[in-house]
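To keep things clear, I will list the structure first and then write my remarks on it.
In listed order, ligands and their atoms are each counted from 1.
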Amino acid sequence: MKLKALIFDVDGTLADTEEAHRRAFNEAFTAHGLDWNWSKPAYAQLLLTTGGKERIAVFLLSLALPEAQQAVLRSRIPDIHATKTRIYTQLVNDGEVVLREGVERLLEEAQRAGVALSIASTTTFANIEALLTTTLGAGALNRFAAIGAGDQVQRKKPAPDVYEYVLKKLALPTAACAALEDSANGLRAAKAAGLFTIVTPSYWTRAEGFDAADLLLPSLGSPERPLSHPAAQLIRSTHLGVREINEQLEQREDAFRPA
Ligand code: XBP
Ligand code: MG
């Protein structure tokens with residue numbers, strides 16, 4: 001079935017954002033008088049928990065504080081996370097985060113080909129708005145037919161909820177859509193929603209498992225900076241575009257067609 005929509009994950013897929021998130025978490029902790037500081041190795045572990053508020057809660061549990069102290073700190077998580085989001089969006093607006101290789105090209109190519117654009121992310125909507133408008137310009141949000149973010153769904157990735165929410169809004173056959181992800185949690189969510197899933201691991205997720213990925217590439221590549229990676233032979237091209245995704249979808253359909 002021909003490609004009709006792309007569903008992009010945000011953090012790690014559209015842009016390598018997690019270092020900016022890590023900085024924002026640490027600055028928010030300081031602003032709230034907490035002596036917590038997430039090192040890069042600690043954050044890499046904490047990233048296995050999706051959602052910033054959930055991530056703080058998991059970290060808090062690891063401190064094994066007396067229950068009364070934990071309860072007070074737990075009640076402060078929404079405020080701490082709101083401060084973190086304010087700091088993060090400022091970092092993004094200051095240009096601290098850029099789109100990954102090939103992302104802007106694929107977005108433009110898809111729109112020219114009449115392929116709908118959408119987003120399925122665990123991050124907060126304000127973060128998505130800041131990233132898209134800073135990197136793609138003021139009207140960027142309008143280019144997306146559907147945006148699923150953060151607390152809009154009951155269960156965050158690896159649950160499929162945010163992908164199912166976006167698929168419902170798109171009102172397109174799942175087989176005509178492709179998901180783009182960077183993490184094992186995101187891959188699990190997209191596959192649980194029945195989607196063809198392309199994975200381009202980020203710095204933070206490169207050691208995770210991606211056996212279930214339909215296509216695993218180091219990045220989307222570009223004609224200027226071609227993919228020099230065995231997987232490039234899979235797509236018979238030096239970068240991933242709409243043509244290459246269509247070929248993959250057709251190959252997958254052929255593979256499942258009864259003999
Ligand atoms: C990655 C996440 C988010 C971000 C932090 O989302 O798990 O929690 O790390 O953003 P994605 P928040 O699904 O886009 O990879 O603090 O707003 O949650
Ligand atoms: Mg991600």
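The nearest protein atom to atom 11 (P) of ligand 1, hydrogens excluded, is given as Asp9 OD1, 2.9 Å; this is a heavy-atom distance.
Judged purely by atom type and a 3.5 angstrom limit, Arg143 has no side-chain atom pairing as donor or acceptor with the backbone of Ser118. Judged purely by atom type and a 3.5 angstrom limit, Lys191 uses its side chain to pair as donor or acceptor with the backbone of Leu195. Within the 3.5 Å criterion, the main-chain N or O of Ala184 finds a donor-acceptor partner in the side chain of Glu208.
The hydrophobic clustering, which links ILVMFWY residues whose side-chain heavy atoms are closer than 4.5 Å, places Leu180 and Leu172 apart. By the rule that hydrophobic residues join a cluster once side-chain heavy atoms approach within less than 4.5 Å of another member, Ile147 and Val162 end up as members of separate clusters.
For Leu47, no nitrogen or oxygen atom sits less than 3.5 Å from a nitrogen or oxygen atom of ligand 1, counting backbone and side chain alike. The shortest N/O to N/O separation between Ser121 and ligand 1 falls below 3.5 Å. Close N/O approach between Lys53 and ligand 1 is not found [any backbone or side-chain N/O within under 3.5 Å]. Ligand 1 has no nitrogen or oxygen under 3.5 angstrom from a nitrogen or oxygen of Ala120.
Within the structure, ligand 1 has Lys84 among the residues with a heavy atom less than 4.0 angstrom away. Using a 4.0 Å cutoff on heavy atoms, Glu54 does not count as a contact of ligand 1. Ligand 1 lies less than 4.0 angstrom from a heavy atom belonging to Arg55.
The atoms of ligand 1 that sit less than 4.0 Å from any heavy atom of Val10 are 14 (O). For ligand 1, the atoms closer than 4.0 angstrom to any heavy atom of Gly51 are 7 (O), 8 (O), 18 (O). Residue Asp11 has at least one heavy-atom neighbour below 4.0 Å for each of these atoms of ligand 1: 1 (C), 3 (C), 4 (C), 6 (O), 11 (P), 14 (O), 15 (O). Contact atoms of ligand 1 toward Lys157: 13 (O) (distance under 4.0 Å to a heavy atom of the residue). Residue Glu18 approaches ligand 1 through these ligand atoms, each under 4.0 Å from one of its heavy atoms: 1 (C), 4 (C), 9 (O).
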Before giving the answer on side-chain hydrogen bond (donor to acceptor under 3.5 Å, both in side chains), spell out for Thr200 and Asp182 the whole-Å C-alpha distance, their side-chain angles and the decisive distance to 0.1 Å. CA-CA 5 Å; Thr200 52; Asp182 74 297; over 6 Å; no
Quick one, Phe25 with Trp36, criterion ring pair (Phe, Tyr, Trp, His ring centres under 6.0 Å). Give me CA distance, side-chain angles, the key distance, then yes/no. CA-CA 9 Å; Phe25 278 111; Trp36 304 344; over 10 Å; no
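Restricting Asp9 to its N, O or S atoms, the one at the least distance from the Mg ion (ligand 2) is OD2. With respect to the Mg ion (ligand 2), Asp182 has OD1 as its nearest N, O or S atom. Closest to the Mg ion (ligand 2) among the N, O or S atoms of Asp11 is O.
Contacts of Asn127 with ligand 1, taken as heavy-atom pairs under 4.0 Å, involve the side chain alone.
Using a cutoff of 4.0 Å between basic side-chain nitrogens and carboxylate oxygens, Arg23 and Glu96 are scored as salt-bridged. Using a 4.0 Å cut-off between charged side-chain N and carboxylate O, Arg225 and Glu101 make a salt bridge.
Classified by interplanar angle (parallel below 30°, tilted 30° to 60°, perpendicular above 60°), the ring pair Phe29/Trp38 is perpendicular. Using the six-membered ring where Trp is involved, His21 and Tyr88 have ring planes that are parallel, under 30° apart on the 30 and 60° scheme.
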